[in-house]
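Take a look at the structure set out below.
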Amino acid sequence: MNIVIKRLDHVQICIPIGAEDEARAFYTGVLGFSEIEKPETLKASGGLWYEVGDIGLHIGVENREGYRSKSHPAFEVENIEAVRRYLEEKGVVTKDEKAIPGIARFSFLDPFHNRIEFLEKQRGQ
């Protein structure tokens with residue numbers, strides 16, 4: 001049997017328990033992501049859900065003390081240099097990532113130390 005993957009449905013990252021308002025300020029206020037309502041059966045577990053393009057970003061809650069991970073979502077954006085300048089103007093510290101031919105990219109940490117990558121595929125490369 002061959003497993004056929006249709007598309008990436010969602011990525012989950014985590015924040016500390018009770019930090020939903022701070023997450024909303026960053027993901028809605030700074031990044032401009034669209035929050036969507038979580039299913040009723042999952043609301044009691046906390047966290048937030050977003051729709052980013054055609055991919056879901058699920059932000060769960062957990063004990064984050066001493067936790068560091070390489071896990072991250074990578075979002076393809078348009079006009080990456082303008083996006084980077086905007087984020088830096090908002091006080092977000094950005095970091096160059098290792099070069100990949102044909103791709104401009106950088107990363108940053110959200111207020112909860114989740115690594116987020118933005119990339120733009122270069123035309124004609």
Side-chain angles (χ1 to χ4, degrees):
M1 174 185 181
N2 289 331
I3 297 174
V4 177
I5 306 296
K6 293 170 59 176
R7 70 178 189 90
L8 178 63
D9 181 77
H10 72 274
V11 173
Q12 177 152 338
I13 58 177
C14 291
I15 61 174
I17 296 165
E20 286 89 348
D21 288 343
E22 188 179 355
R24 193 172 281 114
F26 184 76
Y27 283 94
T28 303
V30 174
L31 297 183
F33 290 178
S34 298
E35 185 175 353
I36 59 174
E37 191 168 344
K38 288 179 67 172
E40 199 63 44
T41 56
L42 299 179
K43 286 182 180 178
S45 62
L48 308 165
W49 279 15
Y50 284 90
E51 189 169 78
V52 186
D54 66 348
I55 298 170
L57 175 63
H58 297 180
I59 302 175
V61 297
E62 68 181 4
N63 180 353
R64 303 278 295 171
E65 192 170 320
Y67 176 75
R68 294 272 189 228
S69 172
K70 288 184 176 184
S71 62
H72 68 282
F75 298 103
E76 186 174 355
V77 300
E78 293 181 359
N79 200 354
I80 195 163
E81 290 306 318
V83 170
R84 188 173 194 166
R85 280 192 305 276
Y86 165 78
L87 290 173
E88 290 174 348
E89 288 168 3
K90 292 288 191 178
V92 177
V93 176
T94 64
K95 177 184 175 221
D96 289 324
E97 290 293 329
K98 289 182 183 175
I100 297 175
I103 299 176
R105 66 194 197 120
F106 68 90
S107 66
F108 56 94
L109 299 178
D110 74 2
F112 316 99
H113 304 285
N114 289 297
R115 180 174 155 240
I116 311 293
E117 181 180 338
F118 281 174
L119 62 88
E120 182 175 32
K121 294 178 183 173
Q122 305 297 294
R123 305 244 187 271
Q125 299 255 345

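Everything numeric here is computed off the predicted structure, so don't read it as measured data.
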Exercise. Do Leu42 and Ile59 belong to the same hydrophobic cluster, where Ile, Leu, Val, Met, Phe, Trp and Tyr are linked whenever their side-chain heavy atoms lie under 4.5 Å apart, directly or via other members?
Worked result: no

For this session: Indicate if Val30 and Phe112 have the same hydrophobic cluster label, given that clusters are the connected sets of ILVMFWY residues with side-chain heavy-atom separations under 4.5 angstrom.
Result: yes

Exercise. Who passes side-chain contact (heavy atoms from CB on, under 4.5 Å) against Thr41, sequence neighbours left out?
Worked result: Pro39

Exercise. Going by the angle between their ring planes, with limits at 30° and 60°, are His58 and His10 parallel, tilted or perpendicular?
Worked result: parallel

For this session: Just jot down the side-chain contact (heavy atoms from CB on, under 4.5 Å) partners of Glu35, sequence neighbours excluded, or say none.
Result: Arg24, Thr28, Leu48, Tyr50

Exercise. Considering residues at least two apart in sequence or located in another chain, which fulfil the salt bridge (charged side-chain N to carboxylate O under 4.0 Å, His left out) criterion with Glu78?
Worked result: none

Seminar exercise, completed: Contacts satisfying salt bridge (Lys or Arg N to Asp or Glu O under 4.0 Å) that involve residues 8-20 (not counting sequence neighbours) are Arg7-Asp9

Exercise. Where do Ile13 and Pro73 come nearest, in terms of heavy atoms and distance?
Worked result: CG2-CD, 3.8 Å

For this session: Kindly write out the residues that satisfy side-chain contact (heavy atoms from CB on, under 4.5 Å) with His72, not counting sequence neighbours, or none if the list is empty.
Result: Ala74, Arg115, Glu117

Exercise. Is there side-chain contact between Leu87 and Leu31, with at least one heavy-atom pair below 4.5 Å?
Worked result: yes

Exercise. Looking at residues at least two apart in the chain, or sitting in another chain, which of them share a ring-ring contact (aromatic ring centres under 6.0 Å, His included) with Phe26?
Worked result: none

Exercise. Does the distance from a Lys or Arg side-chain N to an Asp or Glu carboxylate O, for Glu40 and Lys43, drop under 4.0 Å?
Worked result: yes

